[in-house]
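What follows is a short report on a single structure.
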Amino acid sequence: MNTLLNNEVLRSTEKLYYQDQYLTSTTTQITRVHADALELDSTVAYPEGGGQEADHGTIELPIGTLRFIWAKKLYGTPIRLEGFKGGKLGGIILHMIHPDDLHLLEQVTVHMPARVSIDALRRDRLTLSHSASHFLYAAAVQLRQELEQWTIGCHIKEDGARFDFLVEESFSAEEVREIERLANELIAHDDVIGNTAVQGLEDARLWSYRGIEIPCGGTHLQSPQRIGRLSVRRKRLGKSKERLICEFPEASTDLSIYREQHA
Ligand SMILES: [Zn+2]
């Protein structure tokens with residue numbers, strides 16, 4: 001039992017999205033076949049993490065093409081660095097197979113050659129949204145510093161992002177307007193966004209912009225220009241619980257920066 005568990009912990013998927021964020025496909029092989037998922041030796045698919053939704057895509061195999069509708073990271077070892085609470089090093093990535101394609105799994109074998117590709121438009125939208133969410137967060141913390149300690153969740157989708165906070169007082173309409181103004185002020189600088197690995201640990205990453213540093217392993221833009229104007233609104237979730245939501249109706253996607261890896 002323990003041996004099996006250790007084996008699970010030690011296996012890891014090579015995360016090509018950290019080597020090249022713009023790679024939309026690669027040739028790899030099957031590492032393990034699960035009841036509803038495939039594990040690959042390496043992948044371009046970003047798994048759900050840090051609030052960012054997972055990539056969608058396809059896995060082409062000699063027996064046919066299977067769609068995956070989610071990717072999730074399992075196992076790994078905790079990052080022992082200040083500020084990286086909850087982060088993990090290594091681990092495996094499961095590509096969750098579309099229900100209509102599950103019947104093909106019984107024909108899949110370990111070491112079978114595979115080509116994994118992601119939906120680049122979805123990735124680009126999630127990357128935009130994720131970057132936008134940091135400007136919302138940075139602006140909110142600039143206004144109320146204590147929010148940094150009282151962030152209880154975030155969700156980054158293709159068309160918007162949100163943060164949930166525990167608060168003593170609800171956000172007033174003036175505060176929401178001020179957060180929106182501060183976020184747009186940051187975006188308007190159109191400076192370089194940094195996204196670097198800390199101490200050579202590929203899973204311990206830092207997002208940085210004009211002196212603001214946020215531990216984050218998500219996918220990001222190189223500058224905020226494509227986000228356009230951010231609109232911010234709040235939602236009351238209950239007693240002492242508030243949600244800030246940002247949307248970016250002017251955002252422009254750019255698929256020209258993405259490329260496939262040829263075998
Ligand atoms: Zn991030």
Side-chain angles (χ1 to χ4, degrees), residues 15-23 43-55 70-73 76 78-79 81-89 91 93 118 120 122-142 147-165 179 182-184 186-187 189-199 201-228 230 232 243-248 251 253-254 257-258:
K15 298 159 184 166
L16 295 177
Y17 50 86
Y18 281 151
Q19 293 168 29
D20 182 349
Q21 194 191 294
Y22 305 106
L23 208 55
T43 191
V44 291
Y46 181 81
E48 178 187 16
Q52 180 173 333
E53 288 192 352
D55 282 327
W70 204 251
K72 63 181 181 190
K73 200 173 147 183
I79 300 173
L81 285 176
E82 178 89 33
F84 287 85
K85 210 174 126 196
K88 295 269 182 71
L89 302 173
I93 294 168
I118 57 160
R122 174 174 166 83
R123 161 67 75 77
D124 196 59
R125 284 184 178 143
L126 288 171
T127 298
L128 265 165
S129 182
H130 195 145
S131 303
S133 81
H134 282 302
F135 294 109
L136 167 67
Y137 183 79
V141 168
Q142 204 175 321
L147 292 177
E148 211 166 5
Q149 289 167 50
W150 300 110
T151 308
I152 53 171
C154 78
H155 189 179
I156 293 146
K157 301 187 297 167
E158 286 187 62
D159 57 350
R162 67 186 196 220
F163 281 92
D164 295 342
F165 303 103
I179 289 167
L182 287 168
N184 280 305
L186 282 170
I187 290 170
H189 284 293
D190 196 26
D191 231 320
V192 175
I193 294 173
N195 194 216
T196 48
V198 179
Q199 294 183 17
L201 302 173
E202 70 165 5
D203 294 284
R205 305 183 85 80
L206 208 56
W207 180 92
S208 60
Y209 186 77
R210 295 180 67 82
I212 302 164
E213 289 187 333
I214 301 173
C216 180
T219 61
H220 291 289
L221 299 174
Q222 290 175 326
S223 80
Q225 195 198 6
R226 290 204 280 126
I227 297 171
L230 210 67
V232 178
R243 172 170 291 173
L244 287 178
I245 304 153
C246 72
E247 279 158 353
F248 26 83
T253 51
D254 181 6
I257 53 179
Y258 294 88

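The structure displayed is predicted, hence computed values, not measured ones. All ligand and atom numbering here is 1-based and tracks the order in the structure.
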Neighbouring protein N, O or S atoms of the Zn ion (ligand 1) [cut-off: under 2.8 Å, no waters]: His130 NE2, His134 NE2, Cys216 SG, His220 NE2

Partner residues of Arg205 under the side chain to side chain donor-acceptor pair (under 3.5 Å) criterion, sequence neighbours left out: none

Partner set under side-chain contact (heavy atoms from CB on, under 4.5 Å) for Arg243, not counting sequence neighbours: Arg162, Asp164, Lys235, Leu237, Ile245

Residue pair Thr151 / Val141, side-chain heavy-atom distance below 4.5 Å: no

Aromatic ring pairing Tyr137/Phe165, orientation class (parallel under 30°, perpendicular over 60°, tilted between): parallel

Test side chain to side chain donor-acceptor pair (under 3.5 Å) applied to Glu148 - qualifying residues, sequence neighbours left out: none

Non-hydrogen atoms of Ala204 and Leu89 that approach each other most closely: N-CD2, 4.5 Å

